[in-house]
Amino acid sequence: MQAALRFILIGSTALLLAHNALADGPSFDCSKADSGSIEALVCQNAELSALDRQLASVYAAASNKAGNEQPPVLKAEQREWIKGRKDCWKATDIPACVKHSYQLRIAELQARYQLLPGNGPFSFGCDGNPLNKVSVTFYPTEPATLVAERGDSMSLMYQVRSASGAKYEGQNNLFWEHQGEATIRWGYGAVEMQCRKNP
């Protein structure tokens with residue numbers, strides 16, 4: 001009887017340890033990760049595993065919102081992001097690169113699919129032309145983000161360090177606000193516009 005009870009206790013402990021390992025691991029199966037790969041690094045690093053689980057949750061929420069998206073870009077973008085994350089093997093500090101990659105992707109999905117409450121939109125008139133408007137909504141992501149819209153185009157930008165004001169940068173775009181006035185650059189090589197927040 002004692003031997004059977006000890007066997008049950010040992011088996012229960014092993015199951016509990018396996019469950020905890022799964023709960024603390026990433027969202028994917030670590031047994032399929034190649035040795036020395038970025039996936040193996042994520043499996044071995046508790047912080048990266050937690051970020052992977054967070055991204056899986058955020059991606060699922062974004063997928064629900066993107067169900068009727070035409071064209072369906074979310075899955076393709078996620079595959080491209082995974083390829084980009086694998087490029088971190090070229091970095092000097094590989095774990096820091098992978099962490100940064102996860103943080104940017106999580107923030108991007110949270111802002112683009114409005115998974116967090118936004119602050120805004122705020123309207124800015126630029127260069128004294130009432131037709132030249134930029135609408136901006138800020139999101140409390142990590143790092144902080146904004147989604148700016150101008151005409152029929154949209155830009156996601158991440159907050160960067162600045163000596164004064166709030167500065168955000170995206171692909172070829174810039175938003176730098178200080179006391180209700182903003183410098184905005186929209187597109188590669190574009191002239192910076194001087195903008196004022198509309199009342």
Side-chain angles (χ1 to χ4, degrees), residues 51 54-55 57-85 87-88 91 93 96-199:
L51 283 169
Q54 183 184 0
L55 176 58
S57 173
V58 167
Y59 179 78
S63 293
N64 286 338
K65 287 205 164 188
N68 298 322
E69 194 174 53
Q70 291 298 332
V73 297
L74 182 59
K75 282 185 182 178
E77 286 179 347
Q78 190 69 5
R79 284 192 295 270
E80 286 302 310
W81 174 80
I82 290 169
K83 286 181 189 174
R85 181 193 62 181
D87 284 344
C88 279
D93 186 340
C97 176
V98 174
K99 177 181 176 181
H100 186 64
S101 179
Y102 270 107
Q103 289 173 327
L104 292 186
R105 183 61 174 156
I106 290 166
E108 176 188 4
L109 293 176
Q110 288 173 328
R112 272 186 48 204
Y113 291 94
Q114 301 174 356
L115 302 178
L116 297 176
N119 184 16
F122 299 99
S123 178
F124 288 81
C126 301
D127 293 339
N129 183 349
L131 298 176
N132 199 4
K133 289 193 288 192
V134 178
S135 176
V136 179
T137 303
F138 300 89
Y139 291 92
T141 55
E142 183 57 46
T145 51
L146 67 75
V147 172
E149 296 179 62
R150 183 181 183 211
D152 59 357
S153 62
M154 184 204 72
S155 176
L156 174 84
M157 303 185 211
Y158 299 95
Q159 188 169 26
V160 296
R161 291 185 187 206
S162 167
S164 64
K167 186 176 184 181
Y168 294 77
E169 292 180 349
Q171 188 172 12
N172 302 320
N173 296 338
L174 166 77
F175 177 89
W176 194 352
E177 182 184 19
H178 184 67
Q179 297 181 346
E181 296 188 358
T183 298
I184 299 176
R185 183 181 66 243
W186 200 271
Y188 177 75
V191 175
E192 291 182 350
M193 301 182 292
Q194 300 308 309
C195 308
R196 186 181 293 265
K197 187 187 285 185
N198 295 323

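A heavy-atom distance below 4.5 Å is found between the side chains of M154 and R112. In this structure, R185 and E169 have side chains that are not in contact, with every pair of non-hydrogen atoms separated by 4.5 Å or more. Between F124 and M193, every side-chain heavy-atom pair lies at or beyond the 4.5 Å cut-off. Using a 4.5 Å heavy-atom threshold, the side chains of R79 and K83 count as separate. Looking at heavy atoms from C-beta onward, I82 lies in side-chain contact with R85 at the 4.5 angstrom threshold. The closest side-chain heavy-atom distance from E149 to V134 is not below 4.5 Å.
Residue pairs that meet the disulfide bond (SG atoms under 2.5 Å apart) test with at least one member in residues 136-199, sequence neighbours left out, are C126-C195.
Within the 3.5 Å criterion, the main-chain N or O of Y59 finds a donor-acceptor partner in the side chain of S63.
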Stepwise side-chain contact (heavy atoms from CB on, under 4.5 Å) test for H100 and D93: CA-CA 11 Å; H100 186 64; D93 186 340; over 6 Å; no
Show, in sequence, the C-alpha distance, side-chain angles and deciding distance for I184 and R150, and conclude whether the side-chain contact (heavy atoms from CB on, under 4.5 Å) test is met. CA-CA 11 Å; I184 299 176; R150 183 181 183 211; over 6 Å; no
In sequence, state the C-alpha distance, the side-chain angles, and the governing distance for K197 and V136, and then conclude on side-chain contact (heavy atoms from CB on, under 4.5 Å). CA-CA 10 Å; K197 187 187 285 185; V136 179; over 6 Å; no
Check the pair M157, K167 against side-chain contact (heavy atoms from CB on, under 4.5 Å), reporting the backbone distance first and the verdict last. CA-CA 9 Å; M157 303 185 211; K167 186 176 184 181; over 6 Å; no
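Taking the six-membered ring where the residue is Trp, W81 and Y102 present perpendicular rings, their angle passing 60° and hence far from 30°.
Expressed to the nearest 0.5 Å, how far CG of L104 lies from CD of E142 amounts to 10.0 Å. Taking CZ of F138 as the start and CD of Q159 as the end, the distance is 9.0 Å to the nearest 0.5 Å. Atom NZ in K65 sits 12.0 Å away from atom CG in L109 (nearest 0.5 Å). How far OH of Y168 is from OG of S162: 10.5 Å, rounded to the nearest 0.5 Å. Atom OH of Y139 is separated from atom OH of Y113 by 12.5 Å, given to the nearest 0.5 angstrom. Note: Q54 CD to I106 CD1 = 4.0 Å, rounded to the nearest 0.5 Å.
Every residue two or more places apart in sequence or in another chain was checked for a side chain to side chain contact (heavy atoms under 4.5 Å, CB included) with R161, and none qualifies. For the salt bridge (Lys or Arg N to Asp or Glu O under 4.0 Å) test, residues two or more places apart in sequence or in another chain that qualify with E181 are R196.
Closest approach of L74 and A66 over heavy atoms only: CD2-CB, 4.0 Å. In terms of heavy-atom proximity, S155 sits nearest to N173 at OG-ND2, 2.8 Å. Of all the heavy atoms in P140 and P117, the pair that sits closest is CD-O, 3.3 Å. In plain terms, the two heavy atoms of G120 and T137 that are nearest each other are C-OG1, 4.1 Å.
In this structure, the ring of W186 has its center no less than 6.0 angstrom from the ring center of F175.
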